[in-house]
There are 2 protein chains.
Amino acid sequence: MASMTQVPDPAADSASCAGGHRHHAFDVAAGLLEAERVCTAAGESLTPLRRDVMELLLRAHGPAKAYDLLQALTAGAAKPPTIYRALEFLQRMGLAHRIESLNAFIACGIGACAKNAGFLICTACGWAEELLADPVNAALEGAASERGFRIAGAVIEARGLCRDCAPSVATK
Amino acid sequence: MASMTQVPDPAADSASCAGGHRHHAFDVAAGLLEAERVCTAAGESLTPLRRDVMELLLRAHGPAKAYDLLQALTAGAAKPPTIYRALEFLQRMGLAHRIESLNAFIACGIGACAKNAGFLICTACGWAEELLADPVNAALEGAASERGFRIAGAVIEARGLCRDCAPSVATK
DNA sequence: CGGGATTTGTAATACTATAACATACGATAT
DNA sequence: ATATCGTATGTTATAGTATTACAAATCCCG
């Protein structure tokens with residue numbers, strides 16, 4: 001059986017959807033333009049491979065697993081390092097994030113945020129909404145500084161039910 | 001070569017340490033007593049196997065990897081499900097936590113906290129200090145409720161330098 | 001064109017985790 | 001005591017995630 005994550009087949013566009021996830025989506029065209037812009041500004045190049053991976057992330061209806069992305073690239077001919085290298089590059093550019101608690105990756109929903117994002121991960125529909133987690137980071141900084149700890153980065157991932165899914169799951 | 005995580009050999013006590021981590025440690029005896037108490041209160045039993053795993057976590061000088069714990073149990077004769085089951089039990093009891101960004105496990109430093117903890121993970125010494133992350137959770141709740149999201153649980157993990165390590169790493 | 005840096009391809013392997021089923025153990029009811 | 005049931009542990013196999021190491025191709029610049 002196929003994996004749970006929704007990596008689109010190459011022909012699909014963002015309006016249609018094979019799974020039950022009609023709600024959330026990225027703007028693929030805008031995301032790719034932004035990606036080009038960010039890479040150019042950083043003096044790096046968005047190669048065809050990297051662009052393809054970025055596009056898969058943008059078309060995905062939620063966090064995507066590395067091996068699913070790999071499978072979607074040229075019908076699975078690519079090897080693991082291919083996808084991990086592309087993902088690492090996109091993360092370095094702030095164009096994608098890794099979600100630790102899912103072992104999955106998602107396009108940046110904010111527009112190449114270089115800094116600590118947070119995610120609200122819906123356990124019903126699988127979508128992960130990105131937060132520019134400034135208040136959360138501030139609280140974390142406060143707790144850290146009390147202990148003399150200097151934060152370099154943080155993982156902030158909440159799981160629960162999104163606005164659309166809460167009604168259908170909690171019947172009461 | 002051996003793994004990076006510090007799982008003690010059975011003879012070591014909490015005062016001695018093979019690695020460079022002299023600073024942080026759990027109180028092993030107190031932790032085991034607390035574990036007994038919590039399990040009894042929950043109507044569950046801290047079997048010898050679970051107790052051994054708890055003890056390994058308490059003796060570890062930082063987050064421990066599942067396969068290292070496995071190796072440390074009866075000199076490596078145990079199979080993976082053994083350790084994952086024990087860890088799952090300990091997590092269910094609030095006696096241990098999983099650190100997602102490290103794929104590692106650590107004894108609860110607060111005393112069987114059932115709820116969302118946060119961690120400050122030092123990238124120099126490997127220690128992970130546990131926070132009862134109430135202000136952080138409050139900030140997260142605030143951001144979530146703005147979006148109609150109901151949080152069931154959260155992963156909060158900061159990495160950086162602890163008080164003891166910051167001076168030795170940042171020379172400037 | 002030469003040469004160095006970057007990117008991609010490929011093979012092999014390491015690391016992390018779970019499924020599925022078998023066996024053993026412990027409490028309780030008869 | 002023993003039948004039985006639930007819980008815990010043992011065991012085999014496999015699934016899923018990620019990295020190392022090296023080779024080949026490509027690109028840019030002089």
Side-chain angles (χ1 to χ4, degrees), chain A residues 1-7 35-36 39-40 42-54 56-57 63-93 95-106 155, chain B residues 1-7 35-36 39-40 42-54 56-57 63-93 95-106 155:
Chain A
M1 172 192 157
S3 159
M4 187 68 75
T5 62
Q6 303 294 333
V7 174
E36 288 283 8
C39 291
T40 301
E44 300 271 2
S45 106
L46 188 67
T47 62
L49 174 62
R50 290 165 175 174
R51 188 177 194 281
D52 287 350
V53 174
M54 186 72 208
L56 287 172
L57 288 177
K65 309 285 263 177
Y67 275 67
D68 292 343
L69 293 166
L70 197 53
Q71 197 46 237
L73 273 183
T74 65
K79 306 282 191 283
T82 299
I83 196 71
Y84 285 106
R85 287 192 287 227
L87 289 168
E88 187 218 23
F89 172 83
L90 294 173
Q91 288 177 263
R92 188 152 42 84
M93 293 296 106
L95 296 167
H97 299 283
R98 176 181 166 83
I99 299 186
E100 298 289 344
S101 57
L102 298 176
N103 291 344
F105 301 85
I106 191 168
V155 172
Chain B
M1 172 192 157
S3 157
M4 187 69 75
T5 61
Q6 303 293 332
V7 175
E36 288 284 6
C39 291
T40 301
E44 302 270 2
S45 105
L46 188 67
T47 62
L49 174 61
R50 291 164 174 176
R51 189 178 193 281
D52 286 350
V53 174
M54 187 71 208
L56 287 172
L57 288 177
K65 310 285 265 177
Y67 275 66
D68 292 342
L69 293 167
L70 198 53
Q71 198 45 238
L73 274 182
T74 64
K79 307 282 193 282
T82 299
I83 196 71
Y84 285 105
R85 288 193 284 228
L87 289 168
E88 188 218 21
F89 172 84
L90 295 173
Q91 288 177 263
R92 187 153 42 83
M93 293 296 106
L95 295 167
H97 299 284
R98 176 181 166 82
I99 299 187
E100 298 289 343
S101 57
L102 298 176
N103 292 343
F105 302 85
I106 191 167
V155 172

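Below, read A as the first sequence line, B as the second, and so on, with proteins coming before strands; counting in each chain starts at 1.
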- Task: Mark yes or no for a side-chain to base donor-acceptor pair under 3.5 Å between A/Tyr67 and D/dA18, with no hydrogen or angle criteria applied.
- Result: yes
- Message: Rounded to whole Å, how long is the line connecting atom CG of B/Leu90 with atom C1' of D/dT9?
- Response: 15 Å
- Message: So, using side-chain contact (heavy atoms from CB on, under 4.5 Å) as the criterion, who are the partners of A/Asp52 when residues are at least two apart?
- Response: A/Leu73
- Query: Of all residues at least two apart in sequence or in a different chain, which pass the side-chain contact (heavy atoms from CB on, under 4.5 Å) check with A/Glu100?
  - Reply: A/Arg98, A/Val155, A/Glu157, B/Glu100, B/Ser101
- Message: Between C1' on C/dT18 and CG on A/Asn103, what's the gap in Å once rounded to a whole number?
- Response: 13 Å
- Message: Just so I know, are the side chains of A/Phe105 and A/Pro63 near enough to count as touching, which here means a heavy-atom distance under 4.5 Å?
- Response: no
- Query: Got a second to check how far A/Leu56's CG is from A/Leu69's CG, nearest 0.5 Å?
  - Reply: 6.0 Å
- Task: Check the distance between C/dT8's C1' and A/Leu46's CG and give it to me in whole angstrom.
- Result: 15 Å
- Between D/dA15 (P) and A/Gln71 (CD): distance, integer Å: 15 Å
Determine all donor-acceptor pairs shorter than 3.5 Å in which one atom belongs to a side chain in residues 44-51 of chain A; sequence neighbours excluded.
unit_1: A/Glu44; atom_1: OE2; unit_2: A/Arg92; atom_2: NH1; d: 3.4
unit_1: A/Thr47; atom_1: OG1; unit_2: A/Arg50; atom_2: N; d: 3.4
unit_1: A/Arg50; atom_1: NH1; unit_2: A/Ser45; atom_2: O; d: 2.8

Grab the N/O contacts between the protein and nucleotides 24-30 of chain D below 3.5 Å, and write none if there aren't any.
none

Report all interatomic pairs (protein N or O, nucleotide N or O of nucleotides 5-7 of chain C) with separations under 3.5 Å.
unit_1: C/dT7; atom_1: OP1; unit_2: A/Arg50; atom_2: NH1; d: 3.4
unit_1: C/dT7; atom_1: O5'; unit_2: A/Arg50; atom_2: NH2; d: 3.4

- Of all of residues 73-85 of chain A, which get a heavy atom below 4.0 angstrom from DNA chain C, listed by number? A/Lys79, A/Pro81, A/Thr82, A/Arg85
- Note on the structure: From CG of A/Leu70 across to P of C/dT8 the rounded distance in Å is 14 Å
